[in-house]
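One structure is given below, encoded as structure tokens.
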Amino acid sequence: MSVADEEALSLEQERSLERDWKLFTALTFLFTFGFAIYSGVFQNYLQHGFGNKPVLFGGLESMREIPGLLAALTAGTLVMLAEAHVAAVGLAITAVGIAATGLVPSFGSLAMITVFWSIGFHLYATVSSAITLALAKGKEGGRHLGRMAGVGATATILGLALSWVASQLFPDLSYSVYFVAGGIAIFGSAVLCWLLSAHAEGGARSRIVLRREYSLYYLLIFLEGCRRQIFSIFAGFALILIYHVPVQGMLLLQFINSIMIAATAPLIGRVIDKLGERKPLTFYSIGLIVVFCGYATSRTVGALYALYLIDNVLFSFGLGFTTYLNRIVRPGELTPCLAMGVTMNHVAAVTVPIGGALLWEHYHNYQLPFWVGVGIAAVSLVATRWLPKGHSAAPANA
């Protein structure tokens, strides 16, 4: 092959990679836009449709997370499919399930449709970070993960804004309209995902991976699952069930939150690239302890609003878990390791919602789950001290 041919091939590859980045950015936007419409009104939909029942809601959350337990097995079963095609199938399933959410006649059928779309959601979630890192070609993985988080946050802003305007103009609008609109947007993301080229593939990969050298990653991701479930579920339920925040208020809160994430997530990704994971994740754990203590002690709704926003901005530091794994993983094992991480995360996700709801209902105190969160964040702080300093590939004890 002549030098001119090699240069032409290289130029064609660059154009193809640029096309894939545009497609992936667009599909990330559409998915997050559609999911924002769904999630922005879902907790209010539960409260209006099924009453003030923390155990019922916690049980639904636990069932929704069950497919995450099977992420490693599912990703291993689909090992012959490229990551982009696995993601596209997952997005299509998610779209159908979310569109049908408002059409179910009973809580039992709602649980069934929620588990159905959750299967697709977790397929996509398992491989989306791997696709981002594959497109990054080993350069500035944290920045690219942060950039995609920023794209998602921007899409969330627009999705929540649209939902809020609709709730103001049409206060009696059926929840099913929101869910169908979200499903349509997510289905569009599935179509775009199927069009990604070989640049989005991670290469040949193993079916299931569970190695001792990845144990710190698995521990950290398990603890992350515990704390994330506590806050994402019980913070919202506390605002709605205890402080009676209406759908418009929750949409506005999430809207402000998304603006803050869009501004900070790319910056946090660059910080992780520059400093490594240890210092940012240590700061993250300390911040979580403060947030959980605040929710466990404060009875002022304004303070709870502020803590809600702070927690969601801190969540972007979780990019460090993925960049740490990408730094130490063996060739061909990134996707199965991420899948196993999703499974470890969801061991917590299945048990924490129902456990926290039982605590809340038995003791009639919504703040108890947050004290549990303080303990989990403290354990996570200790675990982050085992991360390597700087950009070293091997974990080092503190």
Side-chain angles (χ1 to χ4, degrees), residues 17 20-32 34-35 65-95 97 117-138 141-142 144-149 151-152 155 186-210 214 217-218 221 224-225 318-319 321-327 329-346 349:
L17 179 60
D20 276 0
W21 269 122
K22 290 178 179 178
L23 283 174
F24 190 61
T25 300
L27 76 90
T28 299
F29 181 92
L30 281 175
F31 165 73
T32 318
F35 200 77
E65 300 296 351
I66 287 174
L69 286 173
L70 305 176
L73 179 61
T74 305
T77 302
L78 299 175
V79 71
M80 298 306 295
L81 284 177
E83 283 91 345
H85 290 170
V86 173
V89 170
L91 288 167
I93 293 172
T94 306
W117 72 250
S118 180
I119 293 171
F121 175 88
H122 286 96
L123 279 176
Y124 171 72
T126 297
V127 298
S128 60
S129 293
I131 293 173
T132 303
L133 293 171
L135 293 175
K137 302 300 181 185
H144 287 294
L145 288 168
R147 184 170 64 85
M148 299 316 296
V151 169
I186 295 172
F187 189 80
S189 72
V191 174
L192 295 181
C193 194
W194 192 268
L195 299 177
L196 290 172
S197 76
H199 287 296
E201 298 177 16
R205 62 184 190 270
S206 305
R207 289 185 177 272
I208 296 177
V209 172
L210 187 61
Y214 305 142
Y217 167 73
Y218 294 140
I221 210 71
E224 174 70 355
L319 300 172
F321 300 125
T322 303
T323 60
Y324 165 65
L325 177 64
N326 190 47
R327 198 184 310 282
V329 75
R330 298 183 186 186
E333 293 188 353
L334 178 60
T335 296
C337 280
L338 288 171
M340 184 59 71
V342 172
T343 293
M344 298 296 291
N345 183 288
H346 284 76

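These numbers come from a predicted model, not from an experiment.
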Practice problem: Applying side-chain contact (heavy atoms from CB on, under 4.5 Å), name anything that partners Leu30, two or more places apart in sequence or on another chain. | Solution: Ser189, Leu192
Self-check item: Considering all heavy atoms, the nearest Tyr214-Arg330 contact
Solution: OH-N, 3.0 Å
Self-check item: Set of ring-ring contact (aromatic ring centres under 6.0 Å, His included) partners for Phe24, sequence neighbours left out
Solution: none
Quiz item: Phe31 vs Tyr124 aromatic rings, parallel, tilted or perpendicular, using cut-offs 30° and 60°?
Solution: tilted
Practice problem: Might you point out which heavy atoms bring Gly90 and Leu123 nearest each other, and give the distance in Å? | Solution: CA-CB, 3.9 Å
Quiz prompt | Check: Phe321 and Leu325 side chains under 4.5 Å, non-hydrogen atoms | solution = no
Quiz item: Nearest 0.5 Å, what's the OH-CG distance between Tyr217 and Asn326?
Solution: 10.5 Å
Practice problem: Considering non-hydrogen atoms only, spot the tightest contact between Cys193 and Ala88 and give its length. | Solution: SG-N, 3.7 Å
Self-check item: Value rounded to 0.5 Å, distance of CG in Leu17 from OG in Ser197
Solution: 7.5 Å
Quiz item: Considering residues at least two apart in sequence or located in another chain, which fulfil the side-chain contact (heavy atoms from CB on, under 4.5 Å) criterion with Val151?
Solution: Thr25, Thr28, Phe29
Quiz item: side-chain hydrogen bond (donor to acceptor under 3.5 Å, both in side chains) with Thr132: which residues, sequence neighbours excluded?
Solution: none
Self-check item: Mutual orientation of the aromatic rings belonging to Phe121 and Trp117 [parallel < 30°, tilted 30-60°, perpendicular > 60°]
Solution: perpendicular
Self-check item: Closest non-hydrogen atom pair, Thr32 against Gly152
Solution: CG2-O, 3.1 Å
Self-check item: Contacts of Ala149 that satisfy side-chain contact (heavy atoms from CB on, under 4.5 Å) - sequence neighbours left out
Solution: Ala265
Exercise. Check side-chain contact (heavy atoms from CB on, under 4.5 Å) between Thr323 and all other residues, then give those that pass, not counting sequence neighbours.
Key: Leu145, Ile272, Glu277
Quiz item: Rounded to the nearest 0.5 Å, what separation is found between the CD1 atom of Ile93 and the CD1 atom of Ile186?
Solution: 12.5 Å
Quiz item: What's the spacing between Leu27 CG and Ser128 OG if we round to 0.5 Å?
Solution: 9.5 Å
